[in-house]
Each structure stands twice: as C-alpha cells, then as structure tokens.
Amino acid sequence: MNFSRDSFTLNVGGTRYSFSQEVIKDFPLRRVSRLHGCSSEQDVLEVCDDFDQERNEYFFDRHSEAFGFIMMYVKYGKLRFVPQMCELSFYNEMIYWGLERSQLEYCCQRRLDDRMSDTYTYMSDESKPDESCNLKDEQQQQQQGPEDKKWLERMRMTFEEPTSSLAAQILAVISIIFVIVSMVVLCASTLPDWKTAENRSVEEYRYTASLWEPSGIIEAICIGWFTAECIVRFIVSKDKCVFVKRPLNIIDLLAITPYYVSVFMTVFTGENPQLQRAGVTLRVLRMMRIFWVIKLARHFIGLQTLGLTLKRCYKEMVMLLVFICVAMAIFGALSQLLEHGLDLEARNEDYSSIPAACWWVIISMTTVGYGDMYPISVPGRILGGVCVVSGIVLLALPITFIYHSFVQCYHELKFKSARYGRSLSNEFLN
C-alpha cells in the first residue's frame with residue numbers, strides 16, 4: 001500500500017473525488033477522515049468496500065447522487081434531501097458517512113420525522129409476532145411439507161386479501177352479500193309493521209324472534225357463514241396470537257358472539273316475553289350485531305383508509321379534543337355567568353349550570369345549532385358569535401394534518417391492492 005502520496009481519490013458509485021491528505025485528515029465526514037489513520041490493508045477495508053493501491057483510489061459502493069448532496073453540505077454548509085429519493089434512504093446514507101439528522105435543514109428534518117413516524121406506525125400495524133406464541137406454530141410449519149405450506153398460503157391469501165385471486169374476489173362478494181342481508185333483516189325487525197304469523201306484539205317479536213321463523217332462519221344462515229369464515233381464517237393463519245389481536249378479527253368476534261349468547265339465553269328463558277323483557281341484556285346483545293357492517297372494511301379500501309388514518313392521527317385527534325374541552329370550559333363558564341348569574345330578574349334558565357352551558361358551546365362550536373337553547377342577552381349573543389368563530393378556527397387547525405395522513409394512507413392501501421391485483425391478472429391470463 002502507498003500511503004505516502006499527497007492525494008486521495010474517492011470513488012463513490014462511479015463518481016471520483018480527489019482530496020489532499022491534509023483535507024482528508026480534518027474532513028467533516030467521519031468515515032472519510034478515518035482513511036487518514038489507516039495503516040494496513042485490513043484497516044482500509046473496514047472503512048471502504050475496495051481500493052486500488054497503485055492509484056491510491058478508494059471505492060465506496062454507495063449512492064453517488066446522495067453523496068453529491070452530502071458534498072454540497074461539506075462545501076456550503078446546508079444539507080437537504082435529494083429530489084425524488086426516499087427520505088429514509090438518504091438518511092441511511094447520512095448515517096453511513098457519519099452525519100446526524102440534526103445537520104439537516106429544518107424543513108427536511110420535519111419531512112424525515114413525518115416519514116419515520118409513518119413508517120414506524122405502518123410497521124406496528126403489521127403486528128410483530130410474539131415469540132412465545134410462534135414457537136409452537138414454527139414447529140408445526142417445520143413438520144409440514146412444501147405442498148402443505150403452498151396450499152395454506154393460497155388459502156390464507158384467499159381469505160385475507162380480497163384482490164389476491166379470482167376465488168378471493170368471489171368469496172369477498174359472497175361475504176358482502178351476507179353482511180347486507182343480515183343488516184337488512186336487523187333493521188327491518190325494528191319496523192312497527194314487522195309482526196309474526198302468531199300476531200304477537202311488536203315489542204314481543206322484536207326481541208324474542210324464534211329461530212324457526214323466516215327472519216330467524218336468515219339470521220342463522222348469515223351467522224353460520226360468518227362463523228365458518230372466521231374459523232377457517234383462524235386455522236390457516238400463520239400466527240394464532242396475532243390473528244386474535246387484530247382489530248378486524250376482534251370485531252368479527254364481537255359480531256358473532258352476541259347471537260350465540262342470545263340463543264343460549266332464549267333456551268334457558270324460553271319464549272316467555274316477560275322474562276326476556278325483564279332485562280336489557282338480550283336487547284343490547286341483539287343491537288351489537290350492528291358490528292357486522294364493520295366487516296365491510298375487509299373488502300373496501302375507503303373504510304380501511306379511515307381506520308388507518310384514525311390510528312396514525314391519534315395525537316392530532318387528542319389535540320382536537322383538548323382544544324374543544326378547553327373552549328367548552330371557558331365559554332361554558334362565561335355564558336352561564338352572562339345569561340344566568342348577572343341578571344337576577346331576567347335569568348335564562350337554559351343556562352342554569354355550566355354543564356348545561358357546555359352543551360350549548362359544543363353545538364355552537366361545531367356549527368350544528370339545534371336551537372333548543374340560545375342566549376337572549378346582548379353580551380350573551382356577542383359571546384355566542386365569538387364562540388362560533390373560535391370553534392371554526394380550532395376545528396380547522398388539526399384538519400390539515402389529518403387530511404394529509406388520509407391521502408397517504410389511501411395511496412399506501414391503493415398500492416397494496418394494485419400489487420395483489422397484478423397477481424390476479426396473471427392468474428386470469430394463465
């Protein structure tokens with residue numbers, strides 16, 4: 001090796017840069033400055049990927065354009081992202097060359113923070129498997145042959161990804177039909193004209209419908225389909241513990257369980273309406289079947305986007321609630337004082353307490369305005385105008401963050417759906 005030359009040549013992804021030894025010694029990039037202290041071939045290869053001893057050239061298999069922007073930082077003192085390059089990829093290049101995120105410009109730091117936050121949330125959505133739960137599953141998978149693994153994977157994709165294959169789309173359509181039918185039957189059973197052939201009263205039938213009546217049979221068929229679908233998805237899942245913890249699977253369980261509990265209670269209480277109407281448990285359980293409609297989120301990107309946006313924007317949602325609560329406390333106390341506390345003769349009884357005034361504040365800030373209560377004094381009306389304008393401003397502040405997160409979540413899910421759609425097209429052509 002020849003370390004006695006006056007110049008070093010850095011070859012980064014095919015782009016060459018020449019520096020003197022004095023510049024290399026105090027170079028702002030830690031990885032480059034380490035070359036000055038290398039005394040052996042092993043030391044050099046720990047810093048770079050390869051080197052040419054005759055030309056004193058050191059090769060780094062890294063992104064050349066990213067290094068160009070890093071060199072602009074060395075020359076001008078400003079570090080910004082490469083256009084059309086992933087922020088995380090550029091950040092990896094920064095770490096490799098020995099730079100920190102604090103050396104980025106403020107606007108780029110915010111972009112990096114947002115990107116890292118979204119990526120962390122997305123990776124958390126994938127739900128890292130629990131080692132204690134996976135040990136038994138891994139042992140079972142090792143015992144299975146290649147054909148069994150391939151069959152399980154196809155079954156898993158058919159039930160979990162509606163756009164993964166033609167069979168998955170047919171299965172999704174059937175599931176949607178069952179959800180719609182079950183919702184129609186549930187809503188129709190609350191109509192006043194919905195009565196049984198035995199001419200029972202509406203209240204008796206509404207909560208004591210027999211399993212052998214038409215609505216009971218339809219409901220039992222729908223529940224049977226949902227139960228079979230849930231069991232099959234549980235059997236073919238890779239990790240049983242992760243399957244149970246997923247929100248959509250919990251919703252499936254909440255939608256199915258009330259039916260079996262209500263059947264169990266009906267068996268023990270019989271068809272006696274007085275016994276069943278004595279408690280509200282059966283009615284609550286029946287109305288819990290409205291969770292069926294959330295099953296549509298498994299087949300519609302729009303509902304998935306809404307759920308993912310709410311999960312990623314929980315900080316903004318909490319901030320919005322804090323804004324509303326603070327405004328409710330301030331305007332509620334002031335309106336109660338102006339409408340009820342100052343004028344003892346012409347008191348507005350609608351504002352007899354701060355909690356009652358807070359109801360007026362919330363419907364005013366959200367510009368709903370039911371008209372059930374309103375201020376009658378001039379100071380109260382002025383306060384009402386300020387309350388309405390403040391509500392519009394406070395509600396609009398976090399909306400921008402939520403909107404951008406919604407758009408990003410939609411594009412992510414759209415990309416994922418398109419990826420499975422390509423595999424569906426290939427299967428159809430084949």
Side-chain angles (χ1 to χ4, degrees), residues 3 6-52 56-126 128 308 311-316 318-319 398 400-402 404-405 407-409 411-412:
F3 293 100
D6 294 335
S7 64
F8 282 76
T9 300
L10 303 182
N11 187 333
V12 182
T15 304
R16 291 181 171 84
Y17 303 86
S18 297
F19 304 98
S20 65
Q21 286 197 17
E22 294 300 325
V23 172
I24 290 292
K25 182 178 180 181
D26 300 322
F27 207 75
L29 305 180
R30 288 197 297 268
R31 181 170 289 272
V32 177
S33 62
R34 285 169 56 189
L35 289 173
H36 186 271
C38 294
S39 58
S40 64
E41 179 180 348
Q42 183 178 0
D43 294 339
V44 173
L45 292 179
E46 289 180 358
V47 178
C48 62
D49 297 301
D50 199 1
F51 73 99
D52 188 340
N56 207 25
E57 181 175 335
Y58 301 86
F59 177 72
F60 295 85
D61 189 12
R62 308 300 297 186
H63 197 285
S64 59
E65 189 176 0
F67 186 75
F69 272 70
I70 293 175
M71 288 302 299
M72 291 178 62
Y73 164 73
V74 174
K75 186 175 182 180
Y76 300 107
K78 292 185 178 181
L79 182 59
R80 294 188 175 91
F81 286 129
V82 178
Q84 308 300 326
M85 183 177 181
C86 176
E87 293 86 353
L88 298 180
S89 299
F90 186 80
Y91 183 53
N92 288 332
E93 294 292 325
M94 290 173 51
I95 296 175
Y96 178 82
W97 293 110
L99 298 178
E100 299 178 356
R101 61 181 301 276
S102 59
Q103 294 170 291
L104 281 167
E105 292 295 301
Y106 178 70
C107 58
C108 295
Q109 285 189 34
R110 292 200 312 175
R111 283 176 54 188
L112 179 61
D113 291 339
D114 294 340
R115 183 70 175 184
M116 294 181 69
S117 176
D118 294 340
T119 304
Y120 174 78
T121 306
Y122 178 76
M123 294 300 294
S124 299
D125 294 340
E126 298 296 328
K128 294 182 180 180
L308 186 58
K311 185 173 183 179
R312 291 188 179 182
C313 295
Y314 71 94
K315 293 181 180 179
E316 287 77 11
V318 171
M319 180 172 59
T400 304
F401 300 100
I402 299 175
H404 287 299
S405 180
V407 173
Q408 185 176 7
C409 293
H411 287 312
E412 288 180 7

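We use all heavy atoms of the structure for the numbers below, so side chains are in, but hydrogens, waters and symmetry mates are not. Starting from 1, each residue takes its place in the sequence as its number.
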Test side chain to side chain contact (heavy atoms under 4.5 Å, CB included) applied to Leu112 and Phe81, step by step: CA-CA 9 Å; Leu112 179 61; Phe81 286 129; 3.8 Å; yes
Contacts of Tyr314 that satisfy ring-ring contact (aromatic ring centres under 6.0 Å, His included) - sequence neighbours left out: none
Sequence neighbours left out, what passes salt bridge (Lys or Arg N to Asp or Glu O under 4.0 Å) with Arg16? Give chain and number order. Glu57
For Arg30, enumerate each residue passing the salt bridge (Lys or Arg N to Asp or Glu O under 4.0 Å) test, keeping only those at least two apart in sequence or located in another chain. none
I'd like to check the ring-ring contact (aromatic ring centres under 6.0 Å, His included) partners of Tyr91; sequence neighbours left out, ordered by chain and number. none
Could I get the full list of ring-ring contact (aromatic ring centres under 6.0 Å, His included) partners for Phe60, not counting sequence neighbours? Trp97
Report the residues that fulfil salt bridge (Lys or Arg N to Asp or Glu O under 4.0 Å) with Arg62, sequence neighbours left out, ordered by chain and then residue number. Glu93
Start with the C-alpha distance between Leu10 and Phe27, add both sets of side-chain angles, then the distance that settles side chain to side chain contact (heavy atoms under 4.5 Å, CB included), and finish with yes or no. CA-CA 13 Å; Leu10 303 182; Phe27 207 75; 5.6 Å; no
Taken to the nearest 0.5 Å, the spacing of Met72 CE from Arg80 CZ works out to 8.0 Å
Who are the side-chain hydrogen bond (donor to acceptor under 3.5 Å, both in side chains) partners of Arg31, not counting sequence neighbours? none
Does atom OH (Tyr96) have a neighbourhood of more than 12 heavy atoms from anything else shown, all under 6.0 Å? yes
Side-chain donor-acceptor distances from residues 99-107 under 3.5 Å, at least two apart:
unit_1: Arg101; atom_1: NH2; unit_2: Asp113; atom_2: OD1; d: 2.3
unit_1: Arg101; atom_1: NH2; unit_2: Asp113; atom_2: OD2; d: 3.0
unit_1: Gln103; atom_1: OE1; unit_2: Glu100; atom_2: N; d: 2.7
unit_1: Gln103; atom_1: NE2; unit_2: Tyr73; atom_2: OH; d: 2.9

I would like to know whether Met94 and Leu79 meet side chain to side chain contact (heavy atoms under 4.5 Å, CB included); could you show each step before the answer? CA-CA 10 Å; Met94 290 173 51; Leu79 182 59; 3.8 Å; yes
Residues that Arg111 engages under side-chain hydrogen bond (donor to acceptor under 3.5 Å, both in side chains), provided they are two or more places apart: Glu87
Closest approach of Ser64 to Thr15 (non-hydrogen atoms, all atoms of both residues): CB-OG1, 3.7 Å
Here the gap from Tyr58 atom OH to Thr9 atom OG1, rounded to the nearest 0.5 Å, amounts to 9.0 Å
In chain order, what residues pass the side-chain contact (heavy atoms from CB on, under 4.5 Å) check against Val407, with sequence neighbours excluded? Tyr403, His411
Write out all pairs satisfying salt bridge (Lys or Arg N to Asp or Glu O under 4.0 Å) with one or both partners inside residues 65-78, taking only residues at least two apart or from two chains. none
Check side-chain contact (heavy atoms from CB on, under 4.5 Å) between Asp61 and all other residues, then give those that pass, not counting sequence neighbours. Asp49, Phe59
Decide side chain to side chain contact (heavy atoms under 4.5 Å, CB included) for Cys409 and Arg312; before the verdict, give the C-alpha distance in whole Å, the side-chain angles of both, and the deciding distance to 0.1 Å. CA-CA 9 Å; Cys409 293; Arg312 291 188 179 182; 3.7 Å; yes
What are the two closest non-hydrogen atoms of Gly14 and Asn11, and how far apart are they? N-OD1, 2.9 Å
Please find the pair of heavy atoms, one from Ile402 and one from Cys313, that lie closest to each other, and give the distance. CA-SG, 3.9 Å
How long is the span from the CD atom in Glu41 to the CZ atom in Phe51, to the nearest 0.5 Å? 4.0 Å
